[in-house]
Amino acid sequence: MNREINSTIKDWKSYSEQLFILEQRGLVVTDQDKALKYLERLGYYRLSGYWFPFRLNAHNSYTKIDQFAPNTTFENIVQLYIFDKKLRLLVLDAIERIEMALRVDIAYCLGQKGALAYLQPQNFHGKFSKQKIKTGKYAGSTQQDVWIDKFNASVKRNSKTDFVKHHQQKYGGQLPVWAAIELWDFGMMSTLYVGMKEVDQNLIARKYQVENGLMFAQWLRSLNHIRNIAAHHSRLWNVNIVDRSDVSSEFMGLNNAKPFLYLCIMKKLLNVICPNSLWGSRLIQLFLDFPIQESMLVNVQQTGCYIEWDKEKLWQ
């Protein structure tokens with residue numbers, strides 16, 4: 001079937017033409033060769049997310065125009081990109097630690113009910129294990145059915161892994177929960193936690209000094225969303241978080257649409273998991289070194305943080 005080409009799609013531009021367009025819009029480029037190399041390595045579209053806040057607004061409007069604020073440099077754009085890259089790496093470091101610890105917590109809790117408790121409906125609440133999905137590709141299945149399908153797909157993908165082969169040969173392919181956790185990603189882990197019975201959710205939540213399992217489940221969903229942003233190298237520092245958690249009393253006043261709230265949540269969990277970690281100090285230093293100073297359009301508070309947040313007890 002032939003389809004007409006959309007004539008409104010922009011034409012291809014060489015790297016030199018891309019750079020020329022940016023200069024025409026007022027971006028200061030002091031090193032042409034270096035700027036071209038960044039365009040070649042990172043791409044115009046990816047970098048556009050970092051120069052977007054440096055663009056001027058239309059008169060009496062929040063709409064951006066194709067004109068940069070005076071004295072905006074290509075180096076500013078790169079500095080902001082590097083700041084964001086360092087932030088993403090710190091986030092992935094924290095979430096990896098959180099994921100490893102919570103996998104063990106869930107395995108320990110469910111394992112007491114049986115080696116295969118994670119596959120048995122009676123160990124989960126009814127909305128997860130009994131209630132059928134009404135619409136969409138999973139209609140007629142329970143949320144647990146969908147989760148088990150994803151788990152089985154993970155087993156299949158990892159069928160040549162030593163510990164999976166061992167259990168297939170010796171136990172007919174059944175993995176006890178303490179082995180199965182090695183095949184869960186953060187999304188699978190957080191979904192299973194959401195399905196656990198309230199008493200079990202609360203038991204794990206209390207370990208991390210969280211109000212209740214419902215709140216903790218929200219946190220895990222949000223952290224999974226942020227993990228996906230970071231793992232796919234997307235812009236994080238000022239992004240609007242889609243999968244948001246309610247703001248608990250200890251974080252009252254923070255914006256749940258911005259990353260800083262979730263950095264605080266990570267720090268709270270890490271204080272339990274690895275209290276001697278220097279992760280918090282590294283994050284504080286990164287924010288103190290925010291590369292854009294004295295700008296009317298770009299500042300570190302766009303992460304959702306506030307003045308002297310690093311003096312709070314959480315970060316000491």
Open item on the list: Is it the case that atom NZ in Lys150 sees more than 12 heavy atoms from other parts of the structure closer than 6.0 Å?
Closed with: no
Task: More than 12 heavy atoms from other groups under 6.0 Å of NZ on Lys160 - done: no
Task: Pairing of Asp200 and Lys113 as salt bridge, 4.0 angstrom limit - done: yes
- [ ] Ignoring hydrogens and angles, tell me if any N or O in the side chain of Gln201 forms a donor-acceptor pair with the backbone of Tyr193 under 3.5 Å.
- [x] yes
Open item on the list: Is any side-chain heavy atom of Pro259 closer than 4.5 Å to one of Ile226?
Closed with: no
- [ ] Tell me whether the guanidinium CZ or amine NZ of Arg221 lies under 6.0 angstrom from the six-membered ring centre of Tyr262 and within 45° of its axis.
- [x] no
Task: Lys/Arg-Asp/Glu bridge criterion (N-O < 4.0 Å) met for Arg227, Asp185 - done: no
- [ ] Would you check if the side chain of Asn256 reaches a backbone N or O of Asp246 as a donor-acceptor pair within less than 3.5 Å?
- [x] no
Show me the donor-acceptor pairs within less than 3.5 Å that the side chains of residues 37-48 make with the rest of the protein, sequence neighbours left out.
residue: Arg46; atom: NH1; partner: His233; partner atom: O; Å: 2.2
residue: Ser48; atom: OG; partner: Tyr45; partner atom: O; Å: 2.4

TODO: Taking all heavy atoms of Phe128 and all of Thr142, pick out the closest pair and write down the distance.
DONE: O-CB, 3.6 Å
Open item on the list: Quick check for you: to the nearest 0.5 Å, what is the distance between Gln112 atom CD and Asn123 atom CG?
Closed with: 11.5 Å
TODO: Using atom types as modelled and distance alone, determine if a side-chain donor or acceptor of His225 lies under 3.5 Å from a backbone N or O of Val242.
DONE: yes
Task: Pair Phe124-Lys197, side chain to side chain contact (heavy atoms under 4.5 Å, CB included): steps then yes or no - done: CA-CA 5 Å; Phe124 298 89; Lys197 291 183 176 179; 5.5 Å; no
Open item on the list: I'd like to check Leu183 versus Val155 (side-chain heavy atoms, cut-off strictly below 4.5 Å). Are they in contact?
Closed with: yes
Task: Spacing of NZ belonging to Lys64 relative to CG belonging to Asn57, to within rounding of 0.5 Å - done: 4.5 Å
Task: Test log, rule side chain to side chain contact (heavy atoms under 4.5 Å, CB included), inputs Leu283 and Leu87 - done: CA-CA 8 Å; Leu283 185 74; Leu87 178 61; 3.7 Å; yes
- [ ] Check Val298, Val78, Asp84, Asn76 against Tyr50 for a side chain to side chain contact (heavy atoms under 4.5 Å, CB included) and give me the one that passes.
- [x] Asp84
Open item on the list: With a 4.5 Å cut-off on side-chain heavy atoms, are Leu269 and Leu223 touching?
Closed with: yes
TODO: Would you name the heavy atoms of Gly111 and Val177 that are closest together and state the gap between them?
DONE: CA-CG1, 3.7 Å
- [ ] Determine whether Asn255 and Leu261 make a side-chain contact, defined as any pair of heavy atoms from C-beta on separated by less than 4.5 Å.
- [x] no
Task: Side-chain (Ser295) to main-chain (Leu297) donor-acceptor, under 3.5 angstrom - done: yes
Open item on the list: Do Tyr108 and Ile181 have side chains that approach each other closer than 4.5 Å (heavy atoms only, starting at C-beta)?
Closed with: no
- [ ] Could you tell me whether the side chain of Ile307 reaches within less than 4.5 Å of the side chain of Gln301, counting heavy atoms only?
- [x] yes
Task: Glu198 atom CD, neighbour heavy-atom count above 12 within 6.0 Å - done: no
Open item on the list: Would you compute the distance between atom CG of Leu27 and atom CD of Gln24 and round it to the nearest 0.5 angstrom?
Closed with: 11.5 Å
Open item on the list: For a side chain to side chain contact (heavy atoms under 4.5 Å, CB included) check, start with the C-alpha distance between Gln209 and Asn271, then their side-chain angles and the critical distance, and finish with the verdict.
Closed with: CA-CA 10 Å; Gln209 300 162 22; Asn271 283 350; over 6 Å; no
TODO: For this output row, return yes or no: ring centroids of Tyr208 and Trp219 closer than 6.0 angstrom.
DONE: no
Task: Note: Arg25-Asp66 ion pair, threshold 4.0 Å (strictly below) - done: yes
Open item on the list: Can you tell me how far apart CD1 (Ile265) and OG (Ser248) are? Round to the nearest 0.5 Å.
Closed with: 6.5 Å
Task: Atom pair CZ/CG of Phe216 and Leu102 - distance to nearest 0.5 Å - done: 4.5 Å
TODO: Go through Gln131 and Gln143 one step at a time and tell me if the side chain to side chain contact (heavy atoms under 4.5 Å, CB included) criterion holds.
DONE: CA-CA 8 Å; Gln131 185 174 310; Gln143 292 180 44; 5.7 Å; no
TODO: Identify, with sequence neighbours excluded, every residue that meets ring-ring contact (aromatic ring centres under 6.0 Å, His included) alongside Trp147.
DONE: Phe151, Trp184
Open item on the list: Quick check on the 6.0 Å ring-centre criterion: do Phe290 and Trp237 meet it?
Closed with: yes
TODO: Spell out, yes or no, whether Met189 and Phe163 are grouped together once hydrophobic residues are joined by side-chain heavy atoms under 4.5 Å, including indirect joins.
DONE: yes
- [ ] Mind listing the closest non-hydrogen atom pair of Ser234 and Arg88 along with its distance?
- [x] O-CD, 3.1 Å
TODO: Kindly give the heavy-atom pair with the smallest separation between Met266 and Ala94, and that separation in Å.
DONE: SD-CB, 4.0 Å
Task: Gap separating the CD atom of Gln32 from the CG atom of Leu19, nearest 0.5 angstrom - done: 5.0 Å
Open item on the list: Can you confirm whether Gln144 sits close enough to Ile148 that some side-chain heavy atom of one is under 4.5 Å from a side-chain heavy atom of the other?
Closed with: yes
